[in-house]
Amino acid sequence: QVQVVESGGGLVQTGGSLRLSCAASGRTFSSYTMGWFRQAPGSEREFVAVISWNLYMTYYADSVKGRFTISRDNAKNTVYLQMSNLKPEDTAVYYCAADALAVAPSTRASDYDYWGQGTQVTVSS
């Protein structure tokens, strides 16, 4: 089974930056599509960004486009989410997820097979 662990969350001021990391295990993990999702209290989990590990493709939610960048390091089995110009509405628990059977990057949480425990990001105003 794939193990996924997020880190790098914290408290920042509006306009600040954070870099989230997602460390994963598994011999075939490098072939998985990886996504970032977030969930605020009482809200539905929403898509943030996705990167294909088999074909280099990225896609972002409109709300973060131009501010967030997803990337990967195959040698370290690690995915990153660089977040800049953070806003209070970015406050949420951020989850890293793996889609083991992806034929194309998906924005749907239900398509992902393995999930981390999440890391809290809080943006103060």
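- Thr119 places none of its side-chain heavy atoms less than 4.5 Å from the side chain of Ser7.
- Residues Val4 and Cys22 have side chains in contact (heavy-atom distance under 4.5 Å, counting atoms from C-beta outward).
- Clustering ILVMFWY residues whenever any of their side-chain heavy atoms sit less than 4.5 angstrom apart, transitively, puts Leu20 in a cluster other than the one holding Tyr112.
- Ring orientation note: the planes of Trp115 and Phe37 are tilted relative to one another, at an angle of 30° to 60°.
- With salt bridges taken as basic N to acidic carboxylate O contacts below 4.0 Å, one links Asp62 and Lys65.
- Taken together through direct or relayed side-chain contacts under 4.5 Å among Ile, Leu, Val, Met, Phe, Trp and Tyr, Tyr114 and Val79 form part of one hydrophobic cluster.
- Atoms CZ and CG, from Arg67 and Leu86 in turn, are 6.5 Å apart once rounded to the nearest 0.5 Å.
- Here the closest heavy-atom approach between residue Ser125 and residue Thr14 is recorded as CA-OG1, 3.6 Å.
- A continuous path of hydrophobic side-chain contacts links Tyr60 to Leu18 [ILVMFWY only; heavy atoms under 4.5 Å].
- Atom OG1 in Thr69 sits 8.0 Å away from atom CG in Leu81 (nearest 0.5 Å).
- The backbone N or O of Gln117 sits less than 3.5 Å from a side-chain atom of Glu6, completing a donor-acceptor pair.
- Rounding to the nearest 0.5 angstrom, the gap separating the CZ atom in Phe47 from the CH2 atom in Trp36 is 12.5 Å.
- Side-chain atoms of Val123 and Glu89, non-hydrogen and from C-beta on, never get closer than 4.5 Å to each other.
- Interatomic distance, CG of Asn74 versus OG of Ser31, reported as 10.0 Å (0.5 Å rounding).
- Two residues are said to be in side-chain contact when any heavy atoms from C-beta on lie closer than 4.5 Å; Asp113 and Asp99 meet this criterion.
- Between Ser124 and Leu11 the shortest side-chain heavy-atom distance falls below 4.5 Å.
- Shown here are the side chain to side chain contact (heavy atoms under 4.5 Å, CB included) partners of Arg19, two or more places apart in sequence or in another chain: Tyr80, Gln82.
- Between Val12 and Met83, the closest side-chain pair of non-hydrogen atoms is not below 4.5 Å.
- Around the OH atom of Tyr59, the shell of radius 6.0 Å holds no more than 12 heavy atoms that belong to other residues, nucleotides or ligands.
- The shortest side-chain heavy-atom distance between Arg38 and Ser63 falls under the 4.5 Å cut-off.
- Classification of the Phe68-Tyr94 ring pair by plane angle, with boundaries at 30° and 60°, yields tilted.
- Criterion: ILVMFWY side-chain heavy atoms under 4.5 Å apart, direct or through other members. Under it, Val50 and Tyr95 are part of a common hydrophobic cluster.
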